[in-house]
Undergrad: 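Please read through the structure below; I'll follow up with questions.
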Amino acid sequence: MTSIRYYLLRTLMLVLVVSGGVAVLASYLITDHELEEMLDTQLSLHSRIVAGQLPEDASDAELARLANHLSIPDYPARAYHDGKPVTLASDDATSAKLYHEEERKLALGFWAPDKTPRLLQGKWTQDAPFPAPDKEGFRWVDYAGHRWRVFSTFDERHKLWISMGQRSNFQREIVERITWNNLIPMLVLLPLMLWLMNRIIRRGLTPIRRLSDQVQGRHARDLRHIELDVPRELEGLHHSLNDFIDRLGETLERERRFTADAAHELRTPLAALRIHLDNVKAGETASLQKAYTGVERLQRVVEQLLVLARLDRTPDSHTTPIDLYPIVIELMADLWPLAHERRQQLTLEGLKQLRVHADETEVGILFRNLLDNALRYTPKGSHVEVELSETASGIAQLSVRDSGPGIPDELLEKVTERFRRASDQRTTGSGLGLSIVVELAQRQQATLQLRNRPEHGLEATIVWSTP
């Protein structure tokens, strides 16, 4: 993927060049328009000034003297009589000593009412005389290979048409000079601006680089939070990385705990199973039943460990409205052979319909663990009772009561810990059943309540938190 730094540098450079080009173009167009307005104003103003300075009697001699004052080297002005140039005496034939070269791009002309020229200046005297005006105001005229912007007015006092004009390239050259004067500093400053942008971008991306270095330089087992001051824009990424580290730590902890639990629980039954099989091999037939019991316990441990692994991999459950009664009936039928083998009575009491919000599969695992525990800890020929009920406020309850030895009061709060069993237990339990029930109950927004029955046995009740 393209580097953010180079992407920003190229993009900003392109934006800078394009915006600079647009600014120069806009400057050219605006300057051209404003300068045209200003020069048009000067043409009309100077035309009125010239008309106001003319003598009362605009004779040929007066116009000739005016033409002499308007002449500059290589750019003469001429007075006309009957369409022919008027020549002054030699002592009056002088030209201006102080002038500006740009004056060669301006021109002045007088015409009689019959459109014959009376005075023409500079380029307007070339070839055929400059065209006489036919109306007052501004116009464009093509003459002698140039385009002229001309303002014309008729002076009633002197009965003269007066026109002042300027070549179009006069305005264009001014606009181009102004545009270049604006563009050249931009071109000179462009490398400096690019260097500054590069420095600013590098400095702006420094927090990302520091954050990346912290993550990249960590050991695989280093799951501490990233402690780093970051800009506001990176706070979300910073928090997300720390949250991911927390989740990763929890996942690794679950994996380590599962591995430790499996090693802890499988080591003892496997060692005992090997001893019993060695005894059977040596001819002790009594050890065969012990070996079978060991296999049974090993099977249950593996099943419960697989359930724990599944719960750890799927931290969230999908709850929907379900009816507990058919689930309970089906699982009681599945475990009926175990109860029948031990001559135990298995009964269901209470409501025939009880709806809760829960995950059907997880509720099945939860109830199966409770019922399996009750059957295993209840003596042969005793009674296991299941009840579906509601509290006065409509809270759903699922209770499993057995006739076993119960749990010492000091262990009631600890027996739900993983691999926690009573010290005098002789059954083939794994110590995982109740811990699985607690975890599944929490995922269903429910709680597990344990209490010893007054006569004997244990009552385990799942209570949902909402009606």
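Heavy-atom basis, side chains included; hydrogens, waters and symmetry copies ignored.
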Undergrad: Less than 4.0 Å between a side-chain N and a carboxylate O, is that true for R149 and D40?
TA: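 Yes, charged N to carboxylate O under 4.0 Å.
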
Undergrad: Testing the basics here: between L120 and G109, what is the closest heavy-atom pair and its distance to 0.1 Å?
TA: CD2-CA, 3.9 Å

Undergrad: Under 3.5 Å, is there a donor-acceptor pair between the side chain of S212 and the main chain of I208?
TA: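 No, the answer is negative, given that no donor and acceptor are paired below the 3.5 Å cut-off.
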
Undergrad: For R202, check side-chain hydrogen bond (donor to acceptor under 3.5 Å, both in side chains) against everything at least two apart and list the hits.
TA: none

Undergrad: Run the numbers on S27 and N182 for side chain to side chain donor-acceptor pair (under 3.5 Å), then give the verdict.
TA: CA-CA 8 Å; S27 174; N182 290 330; 3.2 Å; yes

Undergrad: Does Q445 offer a backbone N or O that forms a donor-acceptor pair with the side chain of S465 under 3.5 Å?
TA: yes

Undergrad: Donor-acceptor pair, S389 side chain versus G350 backbone, under 3.5 Å?
TA: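 It does not hold such a pair.
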
Undergrad: Report yes or no: does Y143 contribute a side-chain atom to a donor-acceptor pair with the main-chain N or O of W124 at less than 3.5 Å?
TA: yes

Undergrad: Going by an N to O cut-off under 4.0 Å, is there a salt bridge joining E235 and R232?
TA: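 No, E235 and R232 are not salt-bridged.
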
Undergrad: I'd like to know if R147 pairs up with D142 as an ion pair, taking the criterion as any Lys NZ or Arg NE/NH1/NH2 lying under 4.0 Å from an Asp or Glu carboxylate oxygen.
TA: yes

Undergrad: Flag yes if more than 12 heavy atoms outside F138 fall under 6.0 Å of its CZ atom; otherwise flag no.
TA: yes

Undergrad: Does a donor on one side chain and an acceptor on the other come within less than 3.5 Å for S399 and E387?
TA: no

Undergrad: Working to the nearest 0.5 Å, report the span between CD of E34 and CD1 of I178.
TA: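 Rounded to the nearest 0.5 Å, the CD-CD1 separation comes to 11.0 Å.
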
Undergrad: Would you say that K135 contacts F154 through its side chain, given a criterion of any heavy-atom pair below 4.5 Å between the two side chains?
TA: no

Undergrad: Do any N or O atoms from the side chain of E360 and from the backbone of I322 form a donor-acceptor pair under 3.5 angstrom?
TA: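 A pair under 3.5 Å: no.
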
Undergrad: Let me confirm one number: the CD-CD distance from E103 to Q121, rounded to the nearest 0.5 Å.
TA: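 E103 atom CD to Q121 atom CD measures 7.5 Å (nearest 0.5 Å).
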
Undergrad: Tell me, do L237 and L211 make a side-chain contact under 4.5 Å, heavy atoms counted?
TA: yes

Undergrad: Under the rule for side-chain hydrogen bond (donor to acceptor under 3.5 Å, both in side chains), what residues qualify as partners of R104, not counting sequence neighbours?
TA: E101

Undergrad: Find the distance between CE (M197) and CG (L16) and round it off to the nearest 0.5 Å.
TA: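 Interatomic distance, M197 CE to L16 CG, rounded to 0.5 Å: 5.0 Å.
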
Undergrad: Check whether any side-chain N or O of Y28 sits under 3.5 Å from a backbone N or O of A23 as a donor-acceptor pair, and report yes or no.
TA: no

Undergrad: For a quick check under 3.5 Å, do N198 and R5 share a side-chain donor-acceptor pair by atom type?
TA: yes

Undergrad: Would you say K115 has more than 12 foreign heavy atoms packed within less than 6.0 Å of its NZ?
TA: yes

Undergrad: Quick one: do R118 and D60 make a salt bridge, cutoff under 4.0 Å?
TA: yes

Undergrad: Is the backbone N or O of L354 less than 3.5 Å from a side-chain atom of D323, with the two atoms forming a donor-acceptor pair by type?
TA: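 A pair under 3.5 Å: yes.
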
Undergrad: Counting only heavy atoms not in R203, do more than 12 fall under 6.0 Å of its CZ?
TA: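 Not buried by this count: 12 neighbours or fewer within 6.0 Å.
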
Undergrad: Nearest heavy-atom pair of V328 and L348: which atoms, and what distance?
TA: CG1-CD1, 3.9 Å

Undergrad: Starting at CH2 of W464, measure out to CD of Q444 and round the result to the nearest 0.5 Å.
TA: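 W464 CH2 to Q444 CD: 7.5 Å, rounded to 0.5 Å.
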
Undergrad: Tell me, yes or no, whether the heavy-atom count around D229 atom CG, taken from other residues, nucleotides or ligands under 6.0 Å, exceeds 12.
TA: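 No.
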
Undergrad: Once you round to the nearest 0.5 Å, how far does NE2 of H33 lie from OG1 of T31?
TA: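 Those atoms lie 11.0 Å apart.
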
Undergrad: Looking just at side-chain N and O atoms, do H239 and N242 make a donor-acceptor pair shorter than 3.5 Å?
TA: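 No donor-acceptor contact under 3.5 Å links the two side chains.
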
Undergrad: Check the pair Q397 / T461 against side chain to side chain donor-acceptor pair (under 3.5 Å), numbers first and verdict last.
TA: CA-CA 7 Å; Q397 296 184 141; T461 303; over 6 Å; no

Undergrad: With rounding to the nearest 0.5 Å, note down the distance linking CG in L54 to CG in L66.
TA: 6.5 Å

Undergrad: Indicate yes or no for a side-chain donor-acceptor contact from D359 to the backbone of E362 under 3.5 Å, with no hydrogens or angles considered.
TA: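 Judged by distance alone, yes, a pair lies under 3.5 Å.
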
Undergrad: For atom CD of E410, is the number of surrounding heavy atoms from other residues, nucleotides or ligands below 6.0 Å larger than 12?
TA: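 Yes - once you tally the heavy atoms of other residues, nucleotides and ligands closer than 6.0 Å, there are more than 12.
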
Undergrad: Check whether H238 reaches the backbone of I226 with its side chain - one donor and one acceptor, N or O, closer than 3.5 Å.
TA: yes

Undergrad: Here's a test for you: under side-chain contact (heavy atoms from CB on, under 4.5 Å), which of V400, I365, V386 qualifies with L370?
TA: V400

Undergrad: Run the side-chain hydrogen bond (donor to acceptor under 3.5 Å, both in side chains) test against E156 and tell me which residues pass, sequence neighbours left out.
TA: K159

Undergrad: Is Y80 close to T125 at the side-chain level, that is, under 4.5 Å between some pair of heavy atoms?
TA: yes

